[in-house]
Each structure stands twice: as structure tokens, then as C-alpha cells.
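Okay, so here's the structure we're looking at.
Whatever order the structure lists them in is the order used to number ligands and atoms, beginning at 1.
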Amino acid sequence: MPETFDERGAFDAIVIGAGIVGAACARALARTGRTVCVIEKNSAVSATTAHGEGNLLVSDKGPGPELTLALHARSRWDEITAQLREECGPHFPDIEFEAKGGLVVATTPEGAEPLRAFAATQRAEGVAAQDVTIAEALELEPWLNREITAAVYYPQDAQVEPVIAAEAMLRSARLAGAVVHTHTEVIGGIHEHGRLAGIRTTRGEIHAGMIVNAAGPWSGAVATALGAPLDVRPRRGMVLVTTRMPQRVFHKVYDADYVGATQSADADLQTSSVIESTRGGTVLIGSSREQVGFDTALRVEVLHALAAKALRIFPFLAGTAVMRTYRGFRPYVPDHLPVIGEDPRLPGLWHATGHEGAGIGLSISTADLIATLADGAPTPVDPDPFRVGRPALLREAA
Ligand SMILES: Cc1cc2nc3c(=O)[nH]c(=O)nc-3n(C[C@H](O)[C@H](O)[C@H](O)COP(=O)(O)OP(=O)(O)OC[C@H]3O[C@@H](n4cnc5c(N)ncnc54)[C@H](O)[C@@H]3O)c2cc1C
């Protein structure tokens with residue numbers, strides 16, 4: 001018998017990766033009554049989920065499947081927050097869910113009409129996108145640059161503290177019977193009768209009928225190691241954090257050009273401003289996008305570009321100090337849609353990945369889809385656009 005490090009040796013489901021997507025999937029699967037084992041190569045919640053922001057946005061998504069997924073997630077966050085609070089108890093830190101709303105502004109005359117037109121397309125899909133006058137925008141955000149040319153208010157936009165949210169989901173999964181093995185790296189698959197029947201790890205083997213690849217930007221490497229390559233790449237992002245200050249930013253405020261940056265396939269540097277204050281009193285200024293592999297170097301020109309764009313929205317930031325900066329790697333797929341479901345090339349292998357810059361928000365709907373698909377139950381949204389076998393994805397896979 002090969003060595004196994006878990007006395008059970010076999011589970012209904014293994015989830016690879018203890019970021020927010022893996023945590024949400026483990027929780028959802030454990031709550032269906034399945035035995036679940038989470039395998040994480042480092043510490044739990046130490047990778048992308050700990051290096052981003054906590055925006056739960058509908059405002060940055062145009063009509064299409066990602067918006068549908070985001071609207072479903074948004075409809076669930078209040079309920080999930082209440083459940084986690086109840087399950088984790090009063091001594092567990094609050095996940096800081098806050099339905100604070102978002103304000104998207106145009107900073108140039110040419111940017112005004114496209115912003116209003118984009119909001120109109122979203123309204124047609126059920127997004128609450130309210131055109132506001134400059135005076136109304138200044139009432140919402142008194143410190144805003146008075147030179148802005150247009151603004152749209154999105155009351156559905158919200159925020160969460162991603163690390164605490166993911167840890168709370170992991171705790172909830174454990175309470176439902178899941179086990180979590182950290183510092184255990186998945187290095188290969190166990191194949192039986194054309195199926196993926198288990199995984200090989202640095203600590204031994206373990207079996208399951210369902211293995212969920214939720215390894216974030218490393219999902220491509222994990223998929224290859226398991227025998228079904230997938231084109232998931234890292235897309236680096238950097239964030240600036242100011243020192244604490246009295247609150248002067250009250251919503252999520254961002255530049256309308258952010259939407260173009262998220263949807264761009266350009267590998268070169270893109271920056272756009274998303275500005276928000278945290279409960280701790282700091283202001284987060286995000287974020288950049290560039291495809292440079294897993295390069296961890298901090299680049300001053302990226303930080304400079306981020307800061308310069310933020311000043312176009314909030315000139316008062318010119319007088320504030322940056323306390324620190326950090327970076328992470330978004331899990332990017334070429335058609336900008338998450339990959340959710342069973343892999344038709346290798347039954348037993350499931351993917352829950354490719355959320356790029358929206359994985360905190362979309363973790364909830366991803367978990368709902370994985371659990372309902374596994375049960376053969378009606379899904380909350382159409383899973384077809386996210387299927388693993390879609391041509392855009394497999395065409396690119398080497
Ligand atoms: C700068 C920046 C800002 C962002 N802002 C937002 C935002 O405001 N809102 C939002 O929704 N999203 C945001 N994102 C995106 C979001 O952070 C990600 O989409 C999300 O965290 C992905 O979660 P994950 O669980 O898939 O990946 P991760 O958190 O990276 O978790 C994957 C885990 O898999 C583990 N793993 C990898 N390989 C193996 C292996 N072989 N064996 C075992 N374990 C393995 C890793 O160690 C890791 O812990 C941002 C990202 C960045 C970089």
C-alpha cells in the first residue's frame with residue numbers, strides 16, 4: 001500500500017488550494033454531506049487571496065456570463081456573512097462585509113459618454129446603475145476632484161476582508177467535517193480506468209471520487225501535473241496602502257478606464273485607479289495589471305503610475321504617505337471567464353479557477369455551481385459559459 005498521511009486515505013472530494021475559492025468550494029461540498037479534504041502547499045490563505053483587495057463589484061462587469069455570476073454572488077453575500085458569523089461564533093474576527101456602494105467617475109471629457117453608455121447596458125441586465133450629476137457625486141464623495149466629467153453610482157458594490165472571509169469559510173468547512181492539510185503539495189495524479197481517482201502529494205497519496213483544482217494562478221501547473229493541461233496564467237497586480245487617516249473616502253471609487261483594463265488581453269502594464277478606505281483607517285489604491293510570470297520584483301514605475309492616477313480622482317492624496325505596498329498574481333485565462341466544472345478530458349478532475357481580479361466576489365457563486373453540478377441539481381446560473389471544454393480555453397492550452 002502506498003503511504004498516506006491522512007488516516008482516512010479516501011474522501012468524497014479533495015480540494016486543491018486553500019485560497020478563498022478552495023475554501024468556498026470545500027464549505028459548499030462539506031455542507032452537502034460529502035467528506036472533504038483540502039490540500040494546501042503552503043499555509044492556508046497565504047497566496048493571491050491575501051494579496052488583493054476585497055471588492056465585490058458588479059459595476060465593472062458588462063452584460064454577459066461574468067456579470068450573471070457576480071449578481072448571483074452579490075445576492076448571496078449578506079446571507080453567507082450571517083451564516084459565517086453564526087457558525088464561527090463571537091470570538092472569530094468579523095469578515096467586514098460592507099455594502100458601501102461604488103462610484104465610477106470619468107476624468108476626461110471623452111470618457112463621460114462611454115461611462116453613461118456602459119451603465120445603460122448594465123441597467124438592462126438588472127444592475128442598479130444610477131447616473132448622478134457632478135454635484136450629487138460630490139455629495140457622496142466630498143473630497144472628489146471637482147473636475148470629473150461624469151459619474152455613475154452602483155449601490156450593489158460591496159467590500160469584504162478577503163483573508164478573514166476565506167478563513168471563516170475554512171472554519172465553517174471544518175465544522176461541517178472537512179479536514180485541511182497545509183504544507184502538503186500536490187505533485188501528480190492517480191489514474192484508474194480513465195478517471196482521476198486520487199492525488200500524489202509530497203506527503204503521500206490520497207484518493208477521492210472528485211478532485212477540485214482551486215490552485216489559483218498555479219492551477220495551470222496543477223492541471224498539467226494531474227494530466228489535463230489548462231491555460232491559466234499569472235497576471236500581476238500591485239496595491240498601495242496609505243497611512244491611517246480620518247475617513248475621506250466613503251465608497252469604492254474608481255476611474256471608468258478600469259473596466260477597459262480588466263478586459264484587456266494586453267500583456268503590457270495597465271494601471272487604473274480603484275480607491276477605497278478600510279475599517280482600519282488606511283486607504284487602498286489599486287491596481288496594476290501585467291503579465292510578467294511570477295516575477296515578485298516591486299517596480300517603482302508601476303507604483304508611480306498607480307499613485308498618479310489616484311490623484312486624478314482624489315487630489316488630497318498628494319499630501320498622504322504610503323505606508324506599504326504589496327503585489328499578487330491574478331489567475332488569468334485568455335477569455336476572462338472563470339473555469340468551473342468537471343474536465344471532460346479526465347473525469348474526476350474538476351476546476352474552480354481563472355477568476356482573475358474577481359475571485360473574492362465570485363468565490364460564492366463558484367462554490368454554488370460546483371456543489372450543484374456535483375449533485376446533479378439545478379444550478380443557480382447557466383454553467384455552460386464556464387465549462388472546461390470551451391474552445392477558447394483548450395485552443396490556447398499547450
Ligand atoms: C492586486 C490584486 C487585487 C485584487 N483585488 C480583488 C478584488 O478587489 N476583488 C476580487 O474579487 N478579487 C480581487 N483580486 C483577485 C482575487 O484575489 C483572486 O481572484 C482570488 O484570490 C483567487 O483565489 P484562489 O483561491 O483561486 O487563489 P489563491 O488565493 O492563490 O489560492 C490558491 C492556493 O492554491 C495553493 N496551491 C498552488 N499549487 C498547489 C499545489 N500544487 N498543491 C497544493 N496547493 C497548491 C496555493 O498555495 C494557494 O494557497 C485581486 C488580485 C490582485 C492580485
Side-chain angles (χ1 to χ4, degrees), residues 14-26 38-58 60-61 66 69-70 73-74 77 102 157-163 165-166 169-170 180-189 199-203 211-226 232 234-241 252 254 258 262 271 274 276 284-290 294 302 306 325-333 338-340 351-367:
I14 292 171
V15 176
I16 304 170
I20 198 161
V21 175
C25 290
V38 180
I39 302 288
E40 164 57 51
K41 73 174 173 183
N42 293 316
S43 304
V45 202
S46 61
T48 319
T49 300
H51 296 108
E53 296 157 274
N55 301 317
L56 313 177
L57 301 183
V58 297
D60 64 340
K61 296 172 182 67
E66 196 191 17
L69 209 57
R74 183 61 190 84
W77 266 102
D157 280 356
Q159 176 172 316
V160 75
E161 208 299 319
V163 173
M169 289 181 201
L170 274 183
V180 181
H181 290 288
T182 57
H183 305 286
T184 307
E185 183 171 354
V186 175
I187 52 175
I199 52 167
R200 291 185 294 109
T201 80
T202 44
R203 293 176 58 211
I211 293 160
V212 184
N213 174 13
W218 299 273
S219 297
V222 166
T224 300
L226 296 177
V232 183
R235 197 176 189 196
R236 187 170 73 172
M238 292 188 185
V239 177
L240 300 174
V241 188
K252 317 217 136 273
Y254 68 87
Y258 174 75
T262 61
T271 54
V274 183
E276 65 190 282
L284 300 187
I285 302 170
S287 58
S288 58
R289 287 178 147 77
E290 53 187 334
F294 285 103
V302 178
L306 274 178
T325 176
Y326 59 82
R327 49 100 198 103
F329 299 97
R330 303 176 184 87
Y332 166 90
V333 290
V339 188
I340 306 169
H351 301 283
T353 187
H355 300 84
E356 204 181 328
I360 307 304
L362 300 182
S363 59
I364 296 299
S365 28
T366 301

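Counting heavy atoms from C-beta outward, Met169 and Ile364 have side chains that approach closer than 4.5 Å. Annotation: side chain of Asp157 is in contact with side chain of Val58 (closest heavy-atom distance under 4.5 Å). Val21 is not listed as a side-chain neighbour of Thr353, based on a closest heavy-atom distance of 4.5 Å or more. Side chains of Ile211 and Ile16 form a contact here, defined as non-hydrogen atoms less than 4.5 Å apart. The shortest distance between side-chain heavy atoms of Ile199 and Leu226 falls below 4.5 Å. Taking 4.5 Å as the limit, some side-chain heavy atom of Asp60 sits within range of a side-chain heavy atom of Tyr254. Side-chain contact between Lys41 and Trp218 is present, with heavy atoms from C-beta onward closer than 4.5 Å.
Among Gly359, Gly216, Gly286, the residue whose heavy atom sits closest to atom 27 (O) of ligand 1 is Gly216. Across the listed options Ala215, Ala73, Ala50, Pro331, Pro331 owns the non-hydrogen atom lying nearest to atom 22 (C) of ligand 1. Looking at His355, Glu356, Arg327 and measuring to atom 19 (O) of ligand 1, the nearest heavy atom belongs to Glu356. When the heavy atoms of Gly328, Ala23, Gly52 are ranked by distance to atom 3 (C) of ligand 1, first place goes to Gly52. Taking all heavy atoms of Lys252, Glu53, Lys41 into account, the minimum distance to atom 4 (C) of ligand 1 is reached by Glu53.
Among the atoms of Gly361, some N or O lies under 3.5 angstrom from an N or O of ligand 1. For Val186, a nitrogen or oxygen atom sits less than 3.5 Å from a nitrogen or oxygen atom of ligand 1, counting backbone and side chain alike. Not one N or O of Ala18 is nearer than 3.5 Å to an N or O of ligand 1, by distance alone. In terms of polar-atom proximity, defined here as any N/O pair under 3.5 Å, Thr48 does make such a contact with ligand 1. Residue Leu362 places no N or O, backbone or side chain, under 3.5 Å from any N or O of ligand 1. At a 3.5 angstrom cut-off on N or O pairs, Glu40 counts as close to ligand 1. Residue contacts with ligand 1: Val21 is placed with a nitrogen or oxygen under 3.5 Å of a nitrogen or oxygen of the ligand (distance criterion only). Polar contact with ligand 1: present for Ile360 (N/O pair, distance under 3.5 Å). When only interatomic distances are considered, the shortest N/O to N/O separation between Val222 and ligand 1 does not fall below 3.5 Å.
In this structure Glu276 satisfies the salt bridge (charged side-chain N to carboxylate O under 4.0 Å, His left out) test together with Lys252, sequence neighbours excluded. The ring pair (Phe, Tyr, Trp, His ring centres under 6.0 Å) test applied to His181 returns Phe5, not counting sequence neighbours.
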One pair to check against side-chain contact (heavy atoms from CB on, under 4.5 Å): Ser219 and Asn213. What are the steps and the verdict? CA-CA 6 Å; Ser219 297; Asn213 174 13; 3.5 Å; yes

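Listed by number with element, the atoms of ligand 1 under 4.0 Å from a non-hydrogen atom of Gly17 are 33 (C), 34 (O), 35 (C). For ligand 1, the atoms lying closer than 4.0 Å to a non-hydrogen atom of Ala47 are 30 (O), 48 (C), 49 (O). Counting the atoms of ligand 1 from 1 in the order shown, those under 4.0 Å from a heavy atom of Val239 are 1 (C). Interface of Ile39 with ligand 1, defined as ligand atoms under 4.0 Å from a residue heavy atom, comprises 43 (C), 44 (N). Here is the list of ligand 1 atoms found below 4.0 Å of a heavy atom in Gly237: 1 (C). Set against the non-hydrogen atoms of Thr184, the atoms of ligand 1 under 4.0 Å away are 43 (C). Atom numbering of ligand 1 starts at 1 in the shown order; those under 4.0 Å from a heavy atom of Thr49 are 21 (O), 23 (O), 25 (O), 28 (P), 29 (O).
For His51, every heavy-atom contact with ligand 1 shorter than 4.0 Å involves the backbone, none the side chain.
Put simply, CD1 on Ile187 and OG1 on Thr202 are 6.5 Å apart, with the number rounded to the nearest 0.5 Å. Once rounded to the nearest 0.5 Å, the distance linking NE2 of His355 with OG1 of Thr366 reads 3.0 Å.
Here the rule is side chain to side chain donor-acceptor pair (under 3.5 Å) with Ser287, and of Arg236, Arg327, Arg330 only Arg330 fits it.
At least one heavy atom of Pro217 sits closer than 4.0 Å to an atom of ligand 1.
The two residues Val45 and Ala166 make their nearest non-hydrogen contact at CG1-CB, 3.7 Å.
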